[in-house]
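Here is the structure we will look at.
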Amino acid sequence: MHLLSASRVRVFLWAALLHQASSLETVIGLYGETFEIPCNNGAIKSEDIIMTKWKYDKGEGTPGDLLVKQKNQNVSISATDEYKDRIRLAENSSLLLSAAKLSDQRTFTCMVVAGADITEYPVHVVIYKTAAGLEISDRAEELEIGKLTKLGTCVAKDSNPAANITWLKNNSPLEADGKGISIKASVLVNPATGLSTTTSTLEYSAQKEDTGAEFTCSTKPTVGSELFSPPATFTITYSTENIVLQVTAQDPLVEGDNVTLKCVADGNPPPTAFNFYLKGALVKVENANSYTIKNVTRNTSGEYKCSLIDDPSMEASKEITVNYLDIDLSPSGNIVKNAGDALDLSLQIDASGISAVSWKKDNVVLDEEPNFAELTYTDSGRYECEVKMGGLSQKAFIELTVEGVPVIKRLIKKRGEDGRHKVLICEVEGSPKPAVSWSINGTSLDESPFVNGKITHKITVVPTANLTVSCTVSNEFGVDSRTINVSSLNEEVRMDKQDQSDDNDQTKLVVGVVVGLLVAASVIALAYLVYMKKSKQGSWKTGEKEDGSSEEEKKLEEKVEENSQKAEV
């Protein structure tokens, strides 16, 4: 192979050849393959053809014979050079040429004799070959930011015409700008084959964003699809400009956890030696960029820094907060108090932030914190407080038991639903759980659960006589008793009838009282009438007439008579 220093001359010759052939029919053949050169394109009917002859231009106007075909005779090969074994005639008189070479780029002429006419059909042949492949060689080990560096060389081997190579970064074409991008290309021609090898060298000034970028080269052949080289990536080196201190820990970070400090620098290659400032203490780390603080406490909270050992002025800082939550409920645990006493609850909270408190009694949420100014049996139960701060939570509880002398709050009786028995109910408060006893035996004993110092005891009795029944309750603190009168069922029936008789007697008594009042009124009226008569006698003696009675006296006499009749009734 020799350097085509006269590549421009070759280009000119190629252009002249194409220009010369522009007025002729042109046929494209692919290098190394068989291609067809047409004859007259069917302008003359095959039955009219007397003879067909193919020849070619050897150069400088010298023709060379290839083959002849007489009508009704076999083909006669007249070529004695390289074409002797590479040519044959198709049925349509076209010339088939195998193993195409660049030397086949010339004019081939088909001469046809039909009757008295002789016609020639010259055809120009062009041979194309796609490059064998593309690859980037002489690759740089690394690219330095701001420095023009030879990135690599792209080679397109054995093509015709010579390949044009394009460089791409992330599939975008690169163009030489005389500053950060420089592209130089050259072409070598193989004297034996005439094929060309194109070499393109890229010099590139990298930027930080070129980290991970893919560089390729490509060529677009005259025939066929575009070719690409395998992509290549390069290490981009640059000095550290910024560092960041990263904190890796559980969220939230609480006492007893571990926390890792990591100093991240943007240089490439990254630095491997750092200073860590741990609340005033300096720790140097070699061949690593992290440091772990184990078993942190609330005192670990504060500002932390890291810097480059080579350049301590380049540093980064981070604030670390260790979350904590402590609570102290006083008193706590199992608490026993006497009824009527006071109980002061105290909840102390020590936290790194704002906390929220909630209370429950026997798993039922309370609206507010419990207050025990004067304990009652109903205050007994389990009280639990929960304090939350962020993702932290603490709980404390008291199991409160209120003790004291049992008290019977109510002793009642009820008639059974069937009317044949009675139910006695004794409602008690006290703690420890009181024992309940009755002064009589009964059936269907029923005792409610003992909850918050309360218990209810029931018995069923069928009294055959009037009874006085007592309910007695006791525990280690004392005794209480209460009685209730229970009448027999027969007595109740008699009493019901007596109650009805008593109602009749009361009615008679009212009537008797009314009659008595009427009688009394009649007596008073009668006495008054006697008095009036005596007065009249005195008057008669003094000269009044016997029949001189007034109208009032007559009416009074009539009233007395009426009342007397009513009294008799």
Side-chain angles (χ1 to χ4, degrees), residues 1-18 30-32 102 105 126-239 267-269:
M1 298 180 70
H2 65 276
L3 176 64
L4 185 63
S5 56
S7 58
R8 292 185 178 180
V9 174
R10 179 175 176 82
V11 171
F12 290 149
L13 291 176
W14 181 265
L17 185 60
L18 290 179
L30 297 181
Y31 187 87
L102 293 189
Q105 294 186 128
V126 177
I127 304 300
Y128 287 146
K129 183 179 185 304
T130 301
L134 294 180
E135 61 179 357
I136 299 176
S137 59
D138 299 330
R139 292 169 49 175
E141 293 184 0
E142 60 184 32
L143 301 178
E144 185 177 349
I145 287 182
K147 181 179 179 181
L148 193 64
T149 305
K150 178 182 176 181
L151 183 144
T153 299
C154 183
V155 180
K157 296 181 179 180
D158 298 334
S159 67
N160 189 66
N164 291 320
I165 294 177
T166 300
W167 284 92
L168 304 99
K169 183 184 78 172
N170 293 332
N171 295 323
S172 296
L174 296 174
E175 295 183 3
D177 57 8
K179 297 180 181 179
I181 300 175
S182 175
I183 300 174
K184 296 178 181 179
S186 62
V187 177
L188 290 175
V189 177
N190 187 327
T193 63
L195 297 176
S196 300
T197 295
T198 302
T199 301
S200 179
T201 301
L202 171 64
E203 292 183 340
Y204 188 76
S205 179
Q207 303 298 322
K208 185 179 294 186
E209 56 268 21
D210 291 328
T211 300
E214 291 187 343
F215 291 84
T216 56
C217 58
S218 71
T219 183
K220 183 67 172 70
T222 306
V223 177
S225 57
E226 188 173 5
L227 299 178
F228 292 90
S229 70
T233 57
F234 299 87
T235 299
I236 311 298
T237 62
Y238 47 88
S239 301
N268 193 33

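Any value given below was found using the heavy atoms of this structure, including those in side chains, with hydrogens, waters and symmetry copies removed.
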Quiz prompt | Aromatic ring proximity, centroids under 6.0 angstrom, Phe215 and Tyr204 | solution = yes

Do [X] and [Y] touch side chain to side chain, with heavy atoms closer than 4.5 Å?
| X | Y | value |
| --- | --- | --- |
| Thr130 | Leu227 | yes |
| Leu102 | Thr193 | no |
| Lys169 | Asp210 | yes |
| Ile181 | Trp167 | no |
| Thr197 | Asn190 | no |

Donor-acceptor check, side chain of [X] to backbone of [Y], threshold 3.5 angstrom: yes or no?
| X | Y | result |
| --- | --- | --- |
| Thr149 | Leu151 | no |
| Asn160 | Ile127 | yes |
| Asp138 | Thr153 | no |

Practice problem: State, to 0.1 Å, how close Lys129 and Leu195 come at their nearest heavy-atom pair, and which atoms those are. | Solution: CD-CD1, 3.4 Å

Quiz item: Which atom pair, heavy atoms only, marks the closest approach of Ser196 to Val187?
Solution: CB-CG1, 3.8 Å

Quiz item: Would Asp158 and Tyr31 count as having a side-chain donor-acceptor pair, cut-off 3.5 Å?
Solution: no

Self-check item: Contact list for residues 226-239, test side-chain hydrogen bond (donor to acceptor under 3.5 Å, both in side chains), sequence neighbours left out
Solution: Ser218-Glu226

